[in-house]
Structure formats: C-alpha cells, structure tokens
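Okay, here's the structure, questions in a sec.
Sequence lines set the chain letters: A, B, ... in the order given, protein chains first and strands last, and positions in each chain run from 1.
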2 protein chains.
Amino acid sequence: MARKFDHLLEKHNLKKTAPRNSVLEILSTRDVATSQPDLEGIIGKDIDRVTLYRILKTFEEKGIIHKIIDINGTANYAFCHGDCSEHHHQDEHIHFNCVSCQGVYCINDVSIPHINLPQGFSAHAISMIVSGVCDKCQSSSEENA
Amino acid sequence: MARKFDHLLEKHNLKKTAPRNSVLEILSTRDVATSQPDLEGIIGKDIDRVTLYRILKTFEEKGIIHKIIDINGTANYAFCHGDCSEHHHQDEHIHFNCVSCQGVYCINDVSIPHINLPQGFSAHAISMIVSGVCDKCQSSSEENA
DNA sequence: TTAAGTGCAAAATCTTTGCAAATGT
DNA sequence: ACATTTGCAAAGATTTTGCACTTAA
C-alpha cells in the first residue's frame with residue numbers, strides 16, 4: 001500500500017508504518033512548527049503517546065524533522081528545509097514565537113548573522129528565537145480596538 | 001540579622017528569608033547560568049523543591065534574575081545585568097550553551113544584531129543561543145588528543 | 001521468519017496546587 | 001497581629017522504560 005511518504009521513510013531506512021505516515025502527513029500540512037502537545041491533540045488516540053515520542057525522536061535523529069525549543073521550553077517540530085542529514089542539522093534560520101497564539105514560525109528569508117565568540121569557544125549550531133506578536137494576532141487585536 | 005542580599009530583596013518588596021538569601025548566594029558565586037536541576041543539587045534538602053520553584057518564579061517576575069531556556073529546553077537562571085525591572089527584561093545578549101558540560105554562558109560583549117521581520121510581525125524579545133564547545137571543554141579535549 | 005515498530009502498563013520525573021505552620025515586618 | 005513565605009502532601013503533567021504483541025520486509 002503505497003503512501004505519500006514512503007520514499008522519505010525508505011530513504012532513511014525506516015519502515016513505512018501507519019503512525020509514521022500520519023505524523024508526516026500532519027506536519028506537512030502545517031506551515032508553522034507544531035508543538036508536541038498540539039500534535040497529541042490532533043492525533044488523538046489514533047497513535048499512542050509513547051509511540052509519538054519515539055517517532056519524533058527517530059525523525060529528529062534521522063534529520064527528517066527538526067526540533068525547536070520555544071520560549072516556554074516546549075518542543076516544536078517542523079520539517080527540515082535544505083540539507084539536513086543524520087549528522088548535521090542545517091537549521092540556521094530564525095524562528096518567531098508568538099506570545100499570543102504560541103505559534104512558531106520559520107523566518108526563512110532572514111538569515112542569522114555571523115557571531116564572533118570569545119577565544120576558545122567554537123559554535124556548532126545557533127538557535128535564534130524572536131518572540132512577539134505574529135501578523136494574525138496583530139490584526140485580530142486591532143479589530144477589537 | 002543582616003544578610004548579604006537584604007538590600008536587593010528590600011528593593012523589590014520581598015521579605016528577607018533564609019531560602020531566598022541562599023538562592024541569591026549560590027547564583028552570585030557562579031559566572032554561568034545555573035540550571036534548575038543543578039540548583040536543586042547544590043541546595044540539597046535545605047530548601048524544599050516547591051519553595052525553590054516559587055522563589056525562582058518570584059525573582060524572575062521581579063527582574064532580579066532571568067531565565068534562559070537552553071537547547072534541551074531546561075530552565076537556567078542567572079542574575080540580570082543592566083536594567084531589568086518588573087515589567088521589562090533587558091536581556092538581549094547572546095547565550096552560549098556548551099554541548100559537553102551543559103554550561104550556559106552569557107556572552108555580554110557581543111550584542112544581538114537587529115533583525116528585520118516580515119510585515120505584521122512585531123518583536124518583544126529575542127533569545128539567541130549558540131551551542132558548541134566552551135573554552136574549558138575545548139582545552140580538556142585537546143589534552144586527551 | 002525476524003527484526004523493527006507499536007501499544008499498554010507502570011515507573012520515574014517534573015511542575016503545580018492547597019493548606020497549615022512558621023517567619024518577617 | 002498580619003500578611004507573606006515556607007514545607008509538606010497530594011494531584012497533575014510530562015517523559016522514560018520494559019515487555020509482549022503486531023507488522024513490514
């Protein structure tokens with residue numbers, strides 16, 4: 001039974017199971033990163049909570065999705081753009097975390113500036129999260145004004 | 001019984017209690033941010049875990065300390081530099097999170113560059129965490145090479 | 001067939017809440 | 001004396017672990 005993400009899973013030596021397909025299906029429909037609690041809510045009882053944990057962990061390790069820790073310390077997941085692989089996440093873009101709707105957006109068009117670190121420090125990855133109000137929440141608050 | 005941080009607590013209309021003094025004492029001896037688990041370890045059973053939660057929450061609200069969520073989603077705490085107040089955290093500097101020792105450093109001498117967000121988005125705060133290897137872990141790994 | 005993946009139950013953590021006792025002012 | 005803060009107990013939430021059952025290859 002061919003499913004939408006068979007190729008992706010195959011590529012990473014993962015078995016093509018229904019739960020994995022569902023998770024990929026959900027993430028693919030969303031343009032923003034999705035928090036673990038939200039994922040649980042969407043999936044409901046179709047997938048066991050433990051299975052979800054394991055799927056997300058596996059996908060992250062394989063470089064299929066990446067994890068974004070938001071300003072509350074909650075994990076959010078989104079598809080990797082560009083060249084993520086098992087050993088390197090190419091994820092050096094900015095994320096925007098709305099304080100109102102909690103949404104996490106990938107701001108792809110603004111790249112992270114280069115940073116000069118003190119002697120002896122070497123950087124592997126950079127996480128930059130801008131928190132504030134997103135466009136949707138901005139306009140809905142104007143309506144009520 | 002005058003204690004080291006009486007003035008600081010007074011300034012924020014907080015009672016000068018032993019647990020609060022201990023927390024401030026610990027944080028003041030450390031040049032890096034301290035994770036909640038580490039704090040618990042240092043404090044041991046002198047302070048109830050719940051009390052620690054509440055103290056940290058209060059201090060953060062008052063602008064005495066600030067919370068840094070590290071790359072693992074764990075809360076780390078450090079004294080506020082500059083002008084933090086109850087209503088605004090002036091905390092726009094870079095943090096460095098060592099993947100080896102887990103230490104969180106405040107990189108004060110490098111300021112966060114200005115970011116242009118898409119239309120409709122407004123920024124309130126910025127969190128920038130560089131992860132990699134700190135100077136101490138760097139040199140200790142060289143010794144073993 | 002068999003190794004990988006899932007689901008359930010249960011343990012281990014982490015965080016919050018309620019309330020009585022203790023403490024600072 | 002009074003409001004705040006603490007400590008304990010208990011509830012709630014999150015995350016991990018173990019193991020038997022199921023499924024893809």
Item checked: Residues that Tyr77(A) engages under ring-ring contact (aromatic ring centres under 6.0 Å, His included), provided they are two or more places apart -> none
Item checked: Spacing between Arg20(B) atom CZ and dT4(D) atom P, to the nearest angstrom -> 11 Å
Next item on the list: Apply the test side-chain contact (heavy atoms from CB on, under 4.5 Å) to residues Ile129(B) and Asn97(B): give CA-CA distance (whole Å), side-chain angles for both, the deciding distance (0.1 Å), then the verdict.
Entry: CA-CA 7 Å; Ile129(B) 299 188; Asn97(B) 197 177; 3.8 Å; yes
Next item on the list: Show your working on side-chain contact (heavy atoms from CB on, under 4.5 Å) between Leu56(A) and Leu39(A) and close with a plain yes or no.
Entry: CA-CA 10 Å; Leu56(A) 293 172; Leu39(A) 272 173; 3.9 Å; yes
Next item on the list: Would you confirm whether the ring centroid of His95(A) sits within less than 6.0 angstrom of the ring centroid of His66(A)?
Entry: yes
Notebook entry, point to check: DNA chain D: Glu10(A) or Pro19(B), which has the more 5' nearest nucleotide?
Noted result: Pro19(B)
Margin query: My understanding is that only one of Thr74(B), Asp38(B), Asn72(B) makes a side-chain hydrogen bond (donor to acceptor under 3.5 Å, both in side chains) with Gln102(B); could you say which?
Written below: Asn72(B)
Check: Please give, in whole Å, the distance from dA10(D) P to Asp48(B) CG?
Finding: 14 Å
Margin query: Expressed as a whole number of angstroms, how long is the span from Asn21(B):CG to dT5(D):P?
Written below: 15 Å
Notebook entry, point to check: What's the CD1-P distance between Ile55(A) and dT16(D), to the nearest Å?
Noted result: 15 Å
Notebook entry, point to check: Taking NZ from Lys45(B) and C1' from dC8(D), how many angstroms apart are they, rounded to a whole number?
Noted result: 15 Å
Notebook entry, point to check: Roughly, in whole Å, what's the span from CG in Asn13(A) to C1' in dA3(C)?
Noted result: 13 Å
Note to self: Checking the side chain of Ser139(B) only, and the main-chain atoms of Asp135(B) only, is there a donor and an acceptor separated by less than 3.5 Å?
What the structure shows: yes
Margin query: Using the rule given for side-chain contact (heavy atoms from CB on, under 4.5 Å), can you reason through Ile64(B) versus His12(B), listing the C-alpha separation, both sets of side-chain angles and the distance that settles it, and then say yes or no?
Written below: CA-CA 9 Å; Ile64(B) 296 173; His12(B) 291 280; 3.5 Å; yes
Item checked: Whether Arg20(B) side chain and Leu9(B) backbone form a donor-acceptor pair below 3.5 Å -> no
Notebook entry, point to check: With nearest nucleotides of DNA chain C determined for Leu14(A) and Thr17(B) from heavy-atom distances, which residue corresponds to the more 5′ nucleotide?
Noted result: Leu14(A)
Notebook entry, point to check: For Ala75(A) and Ile69(A), which heavy atoms make the closest approach, and how far apart are they?
Noted result: CA-CD1, 4.2 Å
Margin query: Would Val99(A) and His124(B) count as a side-chain contact (heavy atoms from CB on, under 4.5 Å) here? Give the steps.
Written below: CA-CA 9 Å; Val99(A) 294; His124(B) 294 171; 4.2 Å; yes
Next item on the list: Select one nucleotide: of dT16(C), dA4(C), dT17(D), the one nearest the side-chain heavy atoms of Val50(B).
Entry: dT16(C)
Next item on the list: Check if the side chain of Lys16(A) and the base of dA25(D) share a donor-acceptor pair of N or O atoms closer than 3.5 Å.
Entry: no
Note to self: Using whole Å, what does the distance between atom P of nucleotide dT23(D) and atom CG of Asp6(A) come to?
What the structure shows: 17 Å
Next item on the list: Would you kindly give the CG-to-C1' distance between Leu56(B) and dT6(D), to the nearest whole Å?
Entry: 14 Å
Checklist line | Check: Arg54(B) side chain, dG7(D) base, donor-acceptor under 3.5 Å | finding: yes
Check: How sharply is the helix from dT1(C)-dA25(D) to dT25(C)-dA1(D) bent, taking the axes over five pairs at either end and rounding to 10 degrees?
Finding: 30°
Under 3.5 Å, which protein N or O atoms sit close to an N or O of nucleotides 12-15 of chain C? Give each pair with its distance.
from, atom 1, to, atom 2, distance (Å)
dT15(C), OP2, Tyr53(B), OH, 2.8
dT15(C), O5', Tyr53(B), OH, 3.3

Note to self: Just to be sure I understand the rule, does Thr51(A) reach a base, reach only the sugar-phosphate, or reach nothing, if contact means heavy atoms closer than 4.0 Å?
What the structure shows: base
Margin query: So, does Thr58(B) get its side chain near the phosphate of dT5(D), meaning an N or O under 4.0 Å from OP1 or OP2?
Written below: no
